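Everything below concerns the one structure shown next.
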Amino acid sequence: MKTIAPDEATEAEESDFEPLTAQQAQEWRKHQAPLSVWRLLAGQAMVGMLVALLAWGLTGRAVAGWSAACGALAVVLPAALFARAVLRPKAGVDPRAVLLGFVGWELAKIMLTLALLAAAAQWVPGLSWVALLVGMASAMKMYWVALWVWPGVRKTVSV
């Protein structure tokens with residue numbers, strides 16, 4: 001097996017690294033605003049409502065607005081259930097049980113989303129599937145918007 005010598009630039013980068021002390025880390029955390037899951041869910045709900053109103057206004061049909069609202073609801077409700085379940089404090093729990101719970105709640109989230117989409121066809125006569133998908137997609141994209149506008153995320157582009 002052939003060994004490749006490390007690059008000089010890589011060695012320089014590695015040697016400049018200094019871990020933070022406990023006090024420096026605490027100071028850094030103080031300046032980093034935590035992103036609240038509940039604020040993100042509220043943002044998803046607001047975007048869903050705006051898209052529903054926009055769909056209603058642009059098409060002039062209430063069914064388009066209700067369809068978009070059902071799409072957003074199919075994203076927000078399961079995400080809220082998942083967040084509530086995963087964020088509950090679990091003192092002294094086996095890590096395997098936590099992982100199994102995470103996977104189980106993710107499965108429940110997916111199943112609830114599918115059930116809400118199936119129910120939307122019953123709730124909204126003449127459902128507009130395009131509006132429903134637009135409502136879903138806009139609510140789901142709030143994760144990216146939140147990362148983009150959140151002040152603690154670095155916004156640099158490396159070329």
Side-chain angles (χ1 to χ4, degrees), residues 19-20 22-159:
L20 297 176
Q23 184 179 9
Q24 289 172 328
Q26 185 178 15
E27 186 66 28
W28 180 83
R29 281 188 205 104
K30 220 186 295 183
H31 296 294
Q32 301 301 315
L35 181 60
S36 168
V37 173
W38 305 113
R39 285 184 68 191
L40 179 62
L41 287 168
Q44 283 183 315
M46 283 192 326
V47 164
M49 287 189 321
L50 288 173
V51 167
L53 291 172
L54 189 63
W56 189 349
L58 288 177
T59 64
R61 296 176 42 218
V63 71
W66 286 112
S67 299
C70 284
L73 190 69
V75 171
V76 175
L77 280 182
L81 174 72
F82 179 76
R84 174 69 180 109
V86 170
L87 294 177
R88 280 189 312 214
K90 298 170 186 71
V93 177
D94 181 30
R96 289 176 292 209
V98 171
L99 179 62
L100 187 61
F102 182 86
V103 171
W105 281 109
E106 182 64 27
L107 182 62
K109 180 177 122 176
I110 292 168
M111 292 179 73
L112 180 58
T113 299
L114 292 174
L116 287 170
L117 290 175
Q122 300 299 317
W123 292 340
V124 182
L127 180 76
S128 168
W129 288 99
V130 173
L132 181 127
L133 291 175
V134 169
M136 278 186 72
S138 61
M140 282 191 280
K141 294 302 176 189
M142 275 303 296
Y143 293 117
W144 290 103
V145 172
L147 288 175
W148 185 53
V149 299
W150 184 37
V153 177
R154 286 181 54 191
K155 294 167 184 67
T156 58
V157 177
S158 58
V159 182

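Being a predicted model, the structure only gives us computed values, none of them experimental.
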For the residue pair Ala121 and Trp129, what are the closest heavy atoms and their distance? CB-CZ2, 4.1 Å
What's the spacing between Met136 CE and Leu73 CG if we round to 0.5 Å? 11.0 Å
Nearest 0.5 Å please: distance from the CG atom of Leu77 over to the CD atom of Gln44. 10.5 Å
Note: Ala74 and Leu117 closest approach over all heavy atoms is CB-CD2, 3.8 Å
Closest approach of Trp123 and Cys70, non-hydrogen atoms and distance? CE3-SG, 4.2 Å
Taking the side chain as everything from C-beta on, heavy atoms only, tell me whether Met142 gets closer than 4.5 Å to Val75. no
Lys141 vs Val47, test: side-chain contact (heavy atoms from CB on, under 4.5 Å). Steps then yes/no. CA-CA 10 Å; Lys141 294 302 176 189; Val47 164; over 6 Å; no
Side chain to side chain contact (heavy atoms under 4.5 Å, CB included) involving Ala52 - partner list, sequence neighbours excluded: Ala68, Ala69
Does Trp66 reach the side chain of Arg61, with side-chain heavy atoms less than 4.5 Å apart? no
Looking at Gly126 and Val63, what are the two nearest heavy atoms and their distance? O-CG2, 3.2 Å
Under 4.5 Å between any side-chain heavy atoms of Leu112 and Leu116, yes or no? yes
List the atom of Thr113, the atom of Pro78, and the distance in Å for their closest heavy-atom pair. OG1-CG, 3.2 Å
Quick check for you: to the nearest 0.5 Å, what is the distance between Leu87 atom CG and Phe82 atom CZ? 8.5 Å
Straight-line distance of Ser67 OG to Leu127 CG, nearest 0.5 Å: 4.0 Å
Residue list, side chain to side chain donor-acceptor pair (under 3.5 Å) with Glu106, at least two apart or on another chain: none
Rounded to the nearest 0.5 Å, how far does CG of Leu20 lie from CD of Gln26? 12.0 Å
Rounded to the nearest 0.5 Å, what separation is found between the CH2 atom of Trp56 and the CG atom of Leu53? 8.0 Å
Please name the pair of heavy atoms, one in Val51 and one in Gly135, separated by the smallest distance, quoted to 0.1 Å. CG1-CA, 4.1 Å
